Amino acid sequence: MARYDPAEIEPRWQAAWEEAGCFVARSGERPKYYVLEMFPYPSGRIHMGHVRNYTMGDVVARHKLAQGFAVLHPMGWDAFGMPAENAAMEQGGHPADWTYGNIADMRAQMKPLGLSIDWSREFATCDPEYYGQQQAMFLDFLEAGLAYRKAAVVNWDPVDMTVLANEQVIDGKGWRSGAEVERRELTQWFFRISDMAEELLEALDGLEAWPEKVRLMQKNWIGRSRGLQFAFSTVGAPEGFDRLEVYTTRPDTLLGASFAAISPDHPLARRLERDDPEVAAFVAECRRTATSEEALETAEKVGMDTGIRVRHPFDESVELPVWIANFILMDYGTGAIFGCPAHDQRDLDFARKYGLGVIDVFESLSVPEPVGDTAFVPPKTEPVRYVRGFAGAEVQTGADAVEAAIEFCEARGVGQGVTRYRLRDWGVSRQRYWGCPIPVVHCPDCGVVPEKKENLPIVLPKDVSFDQPGNPLDRHPTWKHCACARCGGAALRETDTMDTFVDSSWYFARFTAPRAETPTDTAAAGYWMNVDQYIGGVEHAILHLLYSRFFARAMIATGHLPEMCREPFSALFTQGMVTHEIYLTRDDRGRPVYHLPEQVEGGRLIATGAEVETIPSAKMSKSKKNVVDPVNIVRAYGADTARWFILSDSPPERDVEWTAAGAEAAFRHLGRVWRLAAELETLPEGAEDADLRRAVHRAIRDVSEGIEGFAFNKSVAALYTLTNAVRESTAGRAARAEALRVMAQLMAPMVPHLAEEVWRLAGGDGLVVDAGWPEADPAALVEATVTLPIQINGKRRSEIEVARDADRAAIEAAAMADEQVVKALGGAAPKKLIVVPGRIVNVVV
RNA sequence: GCGGGUGUGGCGGAAUGGUAGACGCAGGGCACUCAAAAUGCUCCGCCGCAAGGCGUGGGAGUUCGACUCUCCCCACCCGCACCA
């Protein structure tokens, strides 16, 4: 007999789908469903993480399609970004050629997976048709005051030679390059996301179909805080600095203040450094390391006394010294603080180092003791006794004390309560070539002038070189020379390009009308938006999703999206990673040498027979070589096996471990399923089989529940169970064929090619992709009799068989007649008898 | 430190407060085979010859009954953090 041959089956059905146009999204009368997986960066190779991501999306898309929805399931490419430039620098060639070549390669790797993608909507963000529309929106944002320019201290990535937004600095390192970030001042373009901080925070509550974890991460990122802003009057400060504004979230500790401190970037520090070489040297030193948060974390707290004093707002006779300190951030609050060493560990460390006072403000109710080397910082919700309180009760929580202190200060004209956010405006300028050019010109007469929309797209020049560091746009001989859009005189083009997060902040909207002559087509967006199910990695929990939420609002404000798109992703699912064991040997110096899984068999290197060390599973990474290439898997077993295995075992939100044995097993199982269908024709006609019918309907219920609940592993398990039931069935050919047709429908979202083949072999009409989704018949789910466990004192001791609809009395009678129960009771009556019909009997003796 | 999450056989994992371990992997046995692969049948939480006992990170509690609910503790993972 022939064998399961995915290499023959899969291309055949892919061609059939293509010919029938099954996956072309068509708007119409039917309810719509928009499934989107986070689009990939075109690195050139797909990896197992992609396979997992797109397979999950495909299961949802195919399931909804079967249920009769008009499904939009598009794919595109997040195609701008530095790797293309790095490749150009390292290997020569042009970023565009590299990128489009990679896209072609990756598309060719993805197509054999048999995803139900509407490829007619495909685009890359580096297509001028796309980024030209992005430029048009930028101009609208600019006009609406959502984009602006400011001189700002920025994070400079010395490796990528580019600026990073604060949000993109992770542990003081560039989120992509990993290089230590330095401080530099440049004039940058920003989006006013911080104006929307409150709105973005509040709206999180409405995102009920988002993981709680992601909402919390965004909440923490936005970082709303309540505090007091007030001004110290200064003594001995330079002209124009007679007041020093500070912000504090702990105004209740004002009587514990022993010093004030300002950021090295504070205007006062900048003023002082002009005349004082010592200050200049100190702040220069701070700036060398200061923005690297990791360095700050480990670096010693250092400061310098300016000699300036400030008067305490409650007692003019008390003067506090003003220090410049390396741990004060200019970006947060006012860039100046007062130090309360007793109740802040940083302040305490600083005070101990420089011999500043430590004044207790409150103490613990249980073990009051003065502060030593550890600041007393209880949770704000915990009541404490105020020994230097000035507002509210003597014993109160920190939170209450803060509110009382704000009220007290406001009443006396000492500052005001302020709500602040950690979220800062989104810096989008990048001094790079391979990005969307910012469509403005710099005119000597008119200043910064928006480009005319009819001149869009401002296209990147093709003739550039990458043999020097810096921005190729800037040193291009002619590109930046242009006419001023206002006066027509000679002007210079902006040579900054946009952060690639801009590209990915609206692609989901563009998919609804990918060829529109405007950024969006409001009718199409109104029909398809919002994304009903968005699926991607949790690594995008903050930046990408927050920026997209901002963009949706900005696009509404500029008329590019209807009001209903305020939250563009109705439901979000964050999938776990694909992991694999790591294999290594040691070189002669004991350093690890990693080996690919395909080079190892039975704990030994295939080539040399040397034993390998095995490290437990970790995220697949090229450096550890614990990677499996999906192309090889598809070649060896077919796409359905890869899809089946990646969906089985682990719940989608958790990590899944790829194992060769698991892949083999998945392939063997699909072979068994295929054989069940292929053997049908040799089967005699015969009776129906009630057990089989029940198994089919249970499978319908369980597979549906699994898919709807994003528990594809449970759907897979239900299909295994059904396969076993079909195999064990005594039913004749017709009944088995019917069961297999339902099985094909249920399998179709996960292993669509095999499902088509089984559907055909079992005599199904047309394509299973058009066959709809089966409904479970509740009547078919129940059995005539049920087995009830009997517990004696809560421990299972026996079981009885009763009719499904047996009433309580009948069950009791049956239970009391049970041998184990009779034995346990020894003639006495039970103390208690619990009967849960259909579930359990518990006899208490 | 703060916030969140996770913890179940050798492994991945199932389980509206109601038979813990579905389903799969790995492993053992058997059949088919000259042999292997493939395939099929079968066993498989731990201790024990058995009867039975013990079992969901640990400890208490609620309940007729707890993986599930409550409290305390432990371990690991993730996120955030000189945020004033």
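Predicted model, so just to flag it, every value in this text is computed and none were measured. Throughout, a chain's letter reflects where its sequence line sits, starting with A, and its residues are numbered from 1. Side-chain atoms are counted along with the backbone in the values below, which use heavy atoms only and exclude waters and symmetry mates.
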Exercise for the section: Return the 5'-most residue of the pair Thr334(A), Ala665(A) with respect to RNA chain B, ranking by each residue's nearest nucleotide. Expected result: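 Result of the comparison: Ala665(A).
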Problem - Gln820(A) or Ile337(A), whichever maps to the more 5' nucleotide of RNA chain B - result: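 The residue whose closest nucleotide sits nearer the 5' end is Gln820(A).
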Problem - Partners passing ring pair (Phe, Tyr, Trp, His ring centres under 6.0 Å) against Phe259(A) (at least two apart in sequence or in another chain) - result: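 Per chain and number, Phe259(A) pairs via ring pair (Phe, Tyr, Trp, His ring centres under 6.0 Å) with Phe350(A).
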Exercise for the section: Would you please name every residue forming a ring pair (Phe, Tyr, Trp, His ring centres under 6.0 Å) with Phe338(A), sequence neighbours left out? Expected result: none
Take atom [atom1] in [N] and the same atom in [M], then report the distance between them in whole Å.
N       : M       : atom1 : value
rC25(B) : rU16(B) : P     : 24 Å
rG58(B) : rC74(B) : P     : 15 Å
rA50(B) : rG4(B)  : P     : 49 Å

Fill in the blank from the handout: Considering only heavy side-chain atoms of Trp221(A), the closest of rA22(B), rC80(B), rC64(B) is rC80(B)
Just to be sure I understand the rule, does [X] reach a base, reach only the sugar-phosphate, or reach nothing, if contact means heavy atoms closer than 4.0 Å?
X         : value
Ile790(A) : nothing
Leu216(A) : sugar-phosphate
Val836(A) : base

Practice task
Mark yes or no for a side-chain to base donor-acceptor pair under 3.5 Å between Asn842(A) and rC64(B), with no hydrogen or angle criteria applied.
Solution key: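 A donor-acceptor contact between them is present.
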For [X], which residues count as a salt bridge (charged side-chain N to carboxylate O under 4.0 Å, His left out) partner, sequence neighbours excluded?
X         : answer
Arg698(A) : Glu783(A)
Glu705(A) : none
Asp702(A) : none
Arg796(A) : Glu799(A)

Exercise for the section: Go ahead and write out RNA chain B as dot-bracket, 5' to 3': ( ) for pairs within the strand, [ ] for ones crossing earlier pairs, | when the partner sits on another strand, dots for unpaired; Watson-Crick or G-U wobble, both distances under 3.5 Å. Expected result: (((((((..(((.....[....))).(((((.......))))).(((....)))..(((((..]....))))))))))))....
Practice task
Would you please say whether a donor-acceptor pair under 3.5 Å links the side chains of Gln218(A) and Arg549(A)?
Solution key: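 Note: Gln218(A) and Arg549(A) side chains meet the donor-acceptor criterion.
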Practice task
Consider only side-chain N and O atoms of Gln229(A) and Glu245(A), and report whether a donor and an acceptor are under 3.5 Å apart.
Solution key: yes
Given atom [atom1] of [X] and atom [atom2] of [N], what is their separation to the nearest angstrom?
X         : N       : atom1 : atom2 : answer
Phe667(A) : rA37(B) : CZ    : C1'   : 13 Å
Glu801(A) : rU19(B) : CD    : P     : 16 Å
Leu670(A) : rA38(B) : CG    : P     : 15 Å
Lys213(A) : rG4(B)  : NZ    : P     : 14 Å
Arg250(A) : rA84(B) : CZ    : P     : 10 Å
Trp210(A) : rG4(B)  : CH2   : C1'   : 17 Å
Arg698(A) : rA22(B) : CZ    : C1'   : 12 Å
Ile222(A) : rC83(B) : CD1   : C1'   : 15 Å

Show which side-chain atoms of residues 707-717 of chain A pair as donor or acceptor with protein atoms under 3.5 Å away, not counting sequence neighbours.
from, atom 1, to, atom 2, distance (Å)
Ser715(A), OG, Val703(A), O, 2.9
Ser715(A), OG, Ile707(A), N, 3.2

Exercise for the section: Measure from the ring center of Trp210(A) to the ring center of Phe573(A) and say whether it is less than 6.0 Å. Expected result: no
Practice task
Run through Thr249(A), Thr397(A), Asp252(A) and flag the one making a side chain to side chain contact (heavy atoms under 4.5 Å, CB included) with Val402(A).
Solution key: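 One option only clears the test, and that one is Asp252(A).
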Counting just side-chain N and O atoms, does [X] come under 4.0 Å of either OP1 or OP2 of [N]?
X         : N       : value
Asn713(A) : rG24(B) : no
Arg797(A) : rG53(B) : yes
Asn724(A) : rG24(B) : yes
Lys714(A) : rA15(B) : yes

Handout entry: Listed once per pair and sorted, the side chain to side chain donor-acceptor pair (under 3.5 Å) pairs that draw on residues 662-671 of chain A, sequence neighbours left out
Key = Tyr637(A)-Glu664(A)
Practice task
Provide the full list of salt bridge (charged side-chain N to carboxylate O under 4.0 Å, His left out) pairs with a residue in residues 214-231 of chain A, sequence neighbours left out, each pair given once.
Solution key: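 Qualifying pairs, neighbours excluded: Glu198(A)-Arg224(A), Glu212(A)-Arg215(A), Arg226(A)-Glu403(A).
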Sub-3.5 Å pairs of nitrogen or oxygen atoms, protein against nucleotides 8-12 of chain B:
from, atom 1, to, atom 2, distance (Å)
rG12(B), O2', Ser650(A), OG, 3.0
rG12(B), N2, Asp649(A), OD1, 3.2

Table of protein N/O atoms under 3.5 Å from nucleotides 39-48 of chain B N/O atoms:
from, atom 1, to, atom 2, distance (Å)
rG40(B), OP1, Arg727(A), NH1, 2.8

